[in-house]
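Remarks on the structure that follows.
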Amino acid sequence: MTIQDQLSDLIHAALTAAQGAGALPAFDLPAEIPIQRPKAGYGDFASPVAMALARFAKQPPLAVAQTVAAHLPTGGLVGKVEVAPPGFINLWLSANWMAAQVERILQAGPSFGDATYGQGQRAQVEFVSANPTGPLTIGHGRNAVLGDSLARLLEAVGYQVTREYYYNDAGRQMELLGESVRARYRQLLGQTVEWSEDYYQGEDIIEIARELQAEFGDTLADEPLDRFRRFAQEVITETQQAALTRLGIRFDVLFNEHNLTTSGEVWEVVKGLKEAGVAYDAEGATWIRMTQFGGEKDRVLVRSNGEPTYSLPDIAYHKNKFDRGFDLMVNVLGADHAAQYPIVAAALKTLGYDTSKLHVVSYQFVTLLRDGQVVRMSKRKANYVTLNELIDEVGPDVVRYFLLMRSVDTHIEFDLNLAVKQSDDNPVYYVQYAHTRIAGVLRQAAERGIELDPQADVSVLSDPSEMALIREMLRLEEVVTLAAKQLAPHHLCFYATDLATAFHTFYDRCPVLPPKQTDAALTQARLKLCAAAQQTLARTLGLLGVTAPDRM
RNA sequence: GUCCCCGUAGCUCAGUGGAAGAGCGUUGGGUUGCGGACCCAAAGGCCGUAGGUUCGAGUCCUACCGGGGAUGCCA
C-alpha cells in the first residue's frame, strides 16, 4: 500500500470518527480521499478534501479541515497535522517513521519503487517498426528509447511485457531499394545507368554496392533485382539492430507484415468490415467508410490493382495483437504516422474489439542542433545524421537521457554542443555523478577498514538533508506509477535530477566517514542511507536504460 | 479548409481541477579535497488573448492569435 493510500485511509477514518462524534453531520464520504504533494513548506502531503465536502457538511471548508485534523490519529506515519486556508489539511511524516524507511528500502532491494497494479496482466509494446530501407535516424532513436523505457516501466508495475518490432520487407519501397543498390553497383562497374529521382541517395547505398563489388566483383551485373534487394536488406537490418543494441534495446518479436497477407488475415479483415457495412467496393478499389467515424473522407484499403494499402495490414496486425490476448497494447508512433491511427481504431471497433486497451504514444519531431544550426534529416537525401553517428558522438547514455527527458508532446531540439559537454549543464552527468559519489564513499569506507554493520540503527538520522533525501526516495513508486499510467517516461528524468539534488545536498552537509565524521554510529547509519540512495538512483536510471557508473 | 501538438521566468522546459516550479543564464556566497562533474542564496511570471464551467482553472469547454506537424489507390 502506498503512503498516499495509507494517508487516504487515515483521513477517511478521521471523517468517520468525526461523524460518529457528531462533529460533522452524516453524509456519504468519497471512497478515495484525494492526497496531493503540496508546495514547499506545507508538509509532505496534503488533502483538499475539506473544500469538496464543505457543502455537504454545511460548514466552511476551514472548519471541516480543523475537525478532520482533530480526529486524525498522530503517531506512527503522521508526525504533524496543520490546517491552512482555504481548507487544506497538511500532513508531515514523522522523522522516526522516515528514518525507519531506510531499512525498508534496503530490504526491498532493486524492486523498491515497483508497483503491482499490472500484476497478472500482459502488455505489448510495439516500437521502432522501421522498414529496412536505411539507417535509423534520430527520430527512430526517440521512438526506440521511448518504447524501451515504457516497456521497462510497465514491467516495474507488474505487467508481463512483450517488446515487438513490426516491419515490411516487401513492396514498392523495397523494390526501389534494390534498384538503387543495383544502379550504384553498375555505376561502380563503370556502366552508365539511368538514375531515377525516386532512388535512395544515401551514402549507405553506395557503401552496400561497394561491399557487393568487393565480395562478388562484376559477376552480379545481370543478377535479378531480388538479389540486390535481399543483400541490401541484410546489411541495413544489421546496421539498424546494431544501433538499437548499443542503446540496450532488444525485441521479443520481430513481426513481418508479409505474414498477414500469406495467412489471409488481411482478407478476413476486409470480409469482416464489408459484413459490417463499413467497407465497400467502388472505382475498382475497396474503401473504408471513415466519414462514418468523423473522418474527412473515405480511405482506400485495397487498391484497384488488388494490392492492399498500408492501412489494411496495419489493421490486421492490430487485430492479431488483440487475438493474442494482451490486456494492454502500446504503439509508439511519430506524429507524422499518427494520422493513420483513426483508421485502425475505427476498423477494430467495427470488428468488435475493445480499443480502450490500445494506446498510441505519439511523439513530436526531433531536430538536431550543431553550433546553433539545424542539421536537417531527410531519408532519401544523403544529408542526415544517423542514430549510430549520434551515439558515436555523445554515447548511449546521453542519447537516451536527452530523448527521454522531454514530454512526448514537445518538439526536441537535440543540442549536440550541450550533449557533448561533460559538465554542469548536462543533466545526465549530474545524476550519474550522484551515483558515482556514493560508490566513492562506499569504496572509501572499505579502504579505511570500516565494516558495514547490518544492525546499525538508522533512527539516529535526523538532519533536514537526510530527511529530504529519504523523502525523495519514497517518491519513487509514485513516480513510476505516474509515468507508467501516463505512458510518460520523462517524469523519471525530472525525478532523477530531484533525487540527485537531494543526495548532493546531503553529501555537502553530512560527512559520512572519519575523520570528518567522528560519531561511529552516525557513520554506520549514513552508510545505510548512502546504500539506499545508491540503489534508488540505480533503479531510476535503470528504468531509463541509462547506466549507473561507479566511476566517471 | 479540416485534424493533431505546442504557447508558463531572458533561454530550454516540468506542472495528476486545489497554495505558480526546475535547469541553464545573470548576480552574490561556500572547499586546509568522504572526487567541486558539487552546494547555498537572490533577482526574474497579467501561465498567448477573450469568454465559459467550477467552491476553486496554468490544467476542463468555446472562439480567436502565434509557431510546428498531418492531411496519397506512399510507408
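Chain naming here is simple, since letters A, B, ... match the order of the sequence lines and numbering starts at 1 in each.
- Nearest nucleotide to the A/Ala285 side chain, out of B/rA37, B/rC73, B/rC34: B/rC73.
- Each ring pair (Phe, Tyr, Trp, His ring centres under 6.0 Å) pair with one or both residues in residues 29-65 of chain A, not counting sequence neighbours, would appear here, but there are none.
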Between N or O atoms, less than 3.5 Å apart, protein on one side and nucleotides 45-49 of chain B on the other: list the pairs.
none

Open item on the list: The test is side chain to side chain contact (heavy atoms under 4.5 Å, CB included); show your working for A/Glu265 and A/Asn320 and say whether it passes.
Closed with: CA-CA 8 Å; A/Glu265 285 166 272; A/Asn320 181 291; 2.8 Å; yes

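- With a 3.5 Å ceiling on both atom-pair distances, B/rU54 lacks any Watson-Crick or G-U wobble partner.
- Residue-level contact check: A/Asn90 touches the bases, meaning some heavy atom is under 4.0 Å from a base atom.
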Open item on the list: Each nucleotide in nucleotides 5-15 of chain B should get exactly one letter: B, S or -. Can you fill that in based on protein heavy atoms under 4.0 Å?
Closed with: SS-----SSSS

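- Comparing A/Phe365 and A/Pro38 by the nucleotide of RNA chain B whose heavy atom lies nearest to each, the residue mapping closer to the 5' end is A/Pro38.
- Within the nucleic acid shown, A/Ala46 comes within 4.0 Å of at least one base atom, counting heavy atoms only.
- Distance from the side chain of A/Gln340 is smallest for B/rA75 among the nucleotides B/rA75, B/rC55, B/rC34.
- A/Pro30 approaches A/His12 most closely through the heavy-atom pair O-CD2, 3.4 Å.
- Side chain to side chain, A/Arg400 and A/Ser149 meet the donor-acceptor criterion of an N or O pair below 3.5 Å.
- A salt bridge links A/Glu126 to A/Lys321: at least one charged side-chain nitrogen sits closer than 4.0 Å to a carboxylate oxygen.
- In a base pair of the Watson-Crick type (N1 to N3 plus N6-O4 or O6-N4) or a G-U wobble (N1-O2 and O6-N3), with each distance short of 3.5 Å, B/rG1 is matched with B/rU71.
- One donor-acceptor pair, N or O on each side, does fall under 3.5 Å between the base of B/rA75 and the side chain of A/His337.
- To the nearest angstrom, C1' of B/rU54 lies 16 Å from CG of A/Leu53.
- Nearest heavy-atom pair, A/Glu472 versus A/Asp498, reported as atom, atom and distance to 0.1 Å: OE1-CB, 3.6 Å.
- Of the side-chain N and O atoms in A/Tyr42, none sit less than 4.0 angstrom from OP1 or OP2 of B/rG18.
- If you check B/rA70, B/rC74, B/rG35 against the side chain of A/Asp336, the one that comes closest is B/rA70.
- B/rU26 and B/rC11 are spaced 15 Å apart, taking the P atom of each and rounding to whole Å.
- With rounding to whole Å, A/Lys58 atom NZ is found 15 Å from B/rC55 atom C1'.
- A/Asp5 is linked by a side chain to side chain donor-acceptor pair (under 3.5 Å) to A/Thr2, counting only residues two or more places apart in sequence or in another chain.
- Side-chain polar atoms of A/Ser465 and A/Asp463 form a donor-acceptor pair below 3.5 angstrom.
- Shown here, B/rA63 forms a base pair with B/rU49; the pair counts as Watson-Crick or G-U wobble because both key distances fall under 3.5 Å.
- Within the nucleic acid shown, A/Gln432 has no heavy atom closer than 4.0 Å to any nucleic acid atom.
- Residue A/Arg37 is classed as having no contact, given no heavy-atom separation below 4.0 Å to the nucleic acid.
- Using the six-membered ring where Trp is involved, A/His490 and A/Phe494 have ring planes that are perpendicular, over 60° apart on the 30 and 60° scheme.
- With rounding to whole Å, A/Gln173 atom CD is found 15 Å from B/rC73 atom P.
- Atom CD1 in A/Ile3 sits about 17 Å away from atom C1' in B/rU16, given to the nearest Å.
- Ranked by how close their nearest RNA chain B nucleotide is to the 5' end, A/Asn305 and A/Tyr433 are led by A/Tyr433.
- Out of B/rC34, B/rU16, B/rA70, the shortest distance to the side chain of A/Pro511 is found at B/rC34.
- Nucleic acid contact class of A/Gln517 (heavy atoms, under 4.0 Å, all strands): none.
- If you check every strand for non-hydrogen atoms under 4.0 Å, A/Arg172 touches nothing.
- If you take CG on A/Leu254 and OG1 on A/Thr237, they are separated by 9.0 Å, rounding to the nearest 0.5 Å.
- In this entry B/rA42 has B/rU26 as its Watson-Crick or G-U wobble partner, both defining distances falling under 3.5 Å.
- Of the listed nucleotides (B/rA20, B/rA75, B/rC34), B/rA75 has the atom at the smallest distance from the side chain of A/Thr309.
- If you check every strand for non-hydrogen atoms under 4.0 Å, A/Glu296 touches a base.
- Residue A/Lys297 places at least one side-chain N or O closer than 4.0 Å to OP1 or OP2 of B/rG72.
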Which protein N or O atoms sit under 3.5 Å from an N or O of nucleotides 39-44 of chain B?
| from | atom 1 | to | atom 2 | distance (Å) |
| --- | --- | --- | --- | --- |
| B/rC39 | OP1 | A/Tyr430 | OH | 2.3 |
| B/rC39 | O3' | A/Thr505 | OG1 | 3.2 |
| B/rC39 | O2' | A/Asp508 | OD2 | 2.9 |
| B/rC40 | OP1 | A/Thr505 | OG1 | 3.0 |

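- One finds a salt bridge joining A/Arg471 and A/Asp44 here, because a Lys/Arg side-chain nitrogen approaches an Asp/Glu carboxylate oxygen to under 4.0 Å.
- To the nearest angstrom, P of B/rU16 lies 19 Å from CD of A/Glu477.
- Across all strands shown, A/Ala84 has heavy atoms under 4.0 Å from base atoms, whether or not it also approaches the sugar-phosphate.
- Ring orientation note: the planes of A/Tyr317 and A/Tyr166 are close to parallel, at an angle under 30° on the 30°/60° scale.
- A distance of 6.0 Å or more separates the ring centres of A/Tyr430 and A/Tyr433.
- Under the side chain to side chain donor-acceptor pair (under 3.5 Å) criterion, A/Glu283 pairs with no residue at all, not counting sequence neighbours.
- Atom CE of A/Met552 is separated from atom C1' of B/rC38 by 12 Å (rounded to the nearest Å).
- Nucleic acid contact for A/Asp498: none, since no nucleic acid atom lies under 4.0 Å from a heavy atom of the residue.
- Here A/Ala445 lies out of heavy-atom contact (under 4.0 Å) with every strand.
- B/rA14 is unpaired under the criterion used here, namely a Watson-Crick or G-U wobble arrangement in which both key atom distances are under 3.5 Å.
- Atom P of nucleotide B/rG18 and atom CG of A/Leu91 are separated by 17 Å, given to the nearest angstrom.
- Nucleotide B/rU31 forms a pair with no other nucleotide shown, judged by Watson-Crick or G-U wobble geometry with both contacts under 3.5 Å.
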- [ ] Mind running side-chain hydrogen bond (donor to acceptor under 3.5 Å, both in side chains) on A/Gln240 and A/Tyr167 for me, showing each step along the way?
- [x] CA-CA 12 Å; A/Gln240 289 182 343; A/Tyr167 69 101; over 6 Å; no

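- Residue-level contact check: A/Cys530 touches neither bases nor backbone, having no heavy atom under 4.0 Å from any strand.
- Atom CG of A/Leu312 is separated from atom P of B/rG72 by 18 Å (rounded to the nearest Å).
- The residue A/Ala339 sits close only to the backbone: its heavy atoms come under 4.0 Å of sugar-phosphate atoms, none of a base.
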